Chemist: 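One structure, pasted below without further comment.
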Protein chains: 2
Amino acid sequence: MTETLQRQVLYTHRYHLTAAQCNAQCELAPAQLVQQIIEVATEHADALGVGFERLQHDGNLWVLSRIAIEVHRYPRLLEDYSLTTWIEGYNRHFSARNFELRGHHGEVLGYARTIWVAINMHTRRPADLSGISYIADTVTDYRCPMSVQGKIRPADPPQIVHEYRFRVSDIDFNRHVNSARYVELILNQLDLSAFDECCLSRFEIEYKHEAHFDDMVEVCSAYVGEALVTAITKGDTVICVSRTILTPRKKAQD
Amino acid sequence: MTETLQRQVLYTHRYHLTAAQCNAQCELAPAQLVQQIIEVATEHADALGVGFERLQHDGNLWVLSRIAIEVHRYPRLLEDYSLTTWIEGYNRHFSARNFELRGHHGEVLGYARTIWVAINMHTRRPADLSGISYIADTVTDYRCPMSVQGKIRPADPPQIVHEYRFRVSDIDFNRHVNSARYVELILNQLDLSAFDECCLSRFEIEYKHEAHFDDMVEVCSAYVGEALVTAITKGDTVICVSRTILTPRKKAQD
């Protein structure tokens, strides 16, 4: 491993939360955090030489398979905060990448775990990553004290159902629905007062199939214990499943 | 005027367009440009000492009344670009603030004009800005070669109608619907192919009333000449009106 790579085992992006970016609680919106997690992952992969361009060379691309976040306080209006990422594990088919979210004073606000798989851009089948096995050298055991994501089973019957048709503003540069947009649709199942009273303390999502412009989907949620389990489905196809846990704000920060 | 103020007559924010931020055309989305226009206006007002905090001191706040943008090419994937803003005019009740969008090589990509009014945060009536008359010293005649925004009359009967209920992800830190979100809803009246073939060469919006969480609105559009005229209405109340002009991509860049 070159010295440059060694220095980049941990990669940090610093942010500043402007008023225009705040949600109704004057905080970083969870979907915006997911967007920034994807952004920082992309930047780090590029810096390590295993980004989109390198994979494209072999006809492959990275696809985000899962995200789990655990946050006890979100960055606030005008706060400087940072996202640090590192690779926890890697094999021929996927990479596990973690994140640490820190606030203005450097205090840890939360963590995230993501799983990325490489697929062949033509067959859409799992790709073989052994050509870039040197990324294994960047794996680190930097601490991520949150549990890994479990299997999520859609709850049946659903208690909250909304229909939605994907429009122009929902589509990303891959011509699929933006990964962060699903997070918005899922959290939109709840009322504004839920987020005034509670903090989204844990959120997990598993992306199963891609949705496209003009697809009509159903967003179906039900409480299973303390978690709101949601599935976004297009006909019989499950696009993604998620688990949402809200914690009263006072308690979340203890 | 102090030397510091003089230096800040023009204020520039530099951006880099990451993949996660791109739209389906691998460009900066027009709604994201509107979001950044608001962001840069806020930063400049803060730098001049006439930002949200200064107005709050008198019980007032800035409200965005109108935006017009004219762009012949949008920033592309991984492009460095910049937004420069300045105050064109100012009186007791409103300020006219312009913007210049430049691409990677410093070439001008487009312009924007905005009108901001100050209102009393309790009565929601126009506020008197004479207490901060020193901002008149920062007015400059820097060139903005695009026409000012005209009056927009909703077209009747509408040809394209969609209903929408505002959800959690649509609400900003003021507890109103995010100004950029209206732009998305308006452009969502069209198909993805329209933006593949054409560039949004001119867009004008006038904000008339505030919408809130759970409000149900109708988005109604009709072509008037070359322009798509859209009104977002809640019952008999017009929330905003806009005029959208698309130009075939080849022609837009000539």
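Predicted, not measured: the structure shown is a model, and the values here were computed from it. In the text below, chain A, chain B and the rest are named by the order of the sequence lines, each starting its count at 1.
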Chemist: Within a reach of under 6.0 Å around CD of B/Glu226, are more than 12 heavy atoms found that belong to other residues, nucleotides or ligands?
Modeler: no
Chemist: For B/Asp46, is it the side chain, the backbone, both or neither that has a heavy atom under 4.5 Å from a heavy atom of chain A?
Modeler: neither
Chemist: Of the backbone (N, CA, C, O) and the side chain (C-beta and beyond), which part of A/Leu185 lies under 4.5 Å from a heavy atom of chain B, both, or neither?
Modeler: neither
Chemist: Name the region of A/Ile171, side chain, backbone, both or neither, that has any atom closer than 4.5 Å to a heavy atom of chain B.
Modeler: both
Chemist: Yes or no on side chain to side chain contact (heavy atoms under 4.5 Å, CB included) for B/Arg167 and A/Glu184, after CA distance, side-chain angles and deciding distance?
Modeler: CA-CA 9 Å; B/Arg167 308 304 306 161; A/Glu184 289 187 338; over 6 Å; no
Chemist: Heavy-atom distances under 4.5 Å only: say whether A/Asp191 touches chain B with side chain, backbone, both or neither.
Modeler: both
Chemist: Looking at B/His16, I want to see if its NE2 is surrounded by more than 12 non-hydrogen atoms of other residues, nucleotides or ligands under 6.0 Å.
Modeler: yes
Chemist: Locate the shortest heavy-atom distance separating A/Ala20 from B/Gln35; write the atom from each residue and the value.
Modeler: O-NE2, 2.5 Å
Chemist: NE2 of A/His212: more than 12 outside heavy atoms within 6.0 angstrom?
Modeler: yes
Chemist: Rounded at 0.5 Å granularity, tell me how far OG1 in B/Thr18 sits from CD1 in A/Ile38.
Modeler: 10.0 Å
Chemist: After noting the C-alpha distance and the side-chain angles of B/Arg175 and A/Asp196, does the key distance pass the side chain to side chain contact (heavy atoms under 4.5 Å, CB included) rule?
Modeler: CA-CA 11 Å; B/Arg175 314 283 289 187; A/Asp196 289 338; 2.6 Å; yes
Chemist: Looking only at heavy atoms, which two atoms of B/Asn188 and A/Val168 are closest? And how far apart?
Modeler: OD1-N, 3.3 Å
Chemist: Does any heavy atom of chain B fall under 4.5 Å from the side chain of A/Ala24, the backbone, both, or neither of them?
Modeler: both
Chemist: Can you name the nearest heavy-atom pair linking A/Phe213 to B/Leu192, along with the distance?
Modeler: CZ-N, 3.3 Å
Chemist: Using non-hydrogen atoms only, which part of B/Gln32 is less than 4.5 Å away from chain A: side chain, backbone, both, or neither?
Modeler: neither
Chemist: What part of B/Ala19 is in contact with chain A, defined as an atom under 4.5 angstrom from a non-hydrogen atom: side chain, backbone, both or neither?
Modeler: both
Chemist: What is the minimum heavy-atom distance between A/Arg181 and B/Ser169, and which atoms define it?
Modeler: NH1-OG, 3.7 Å
Chemist: Which bit of A/Gln36 comes within less than 4.5 Å of chain B, counting heavy atoms only: side chain, backbone, both or neither?
Modeler: neither
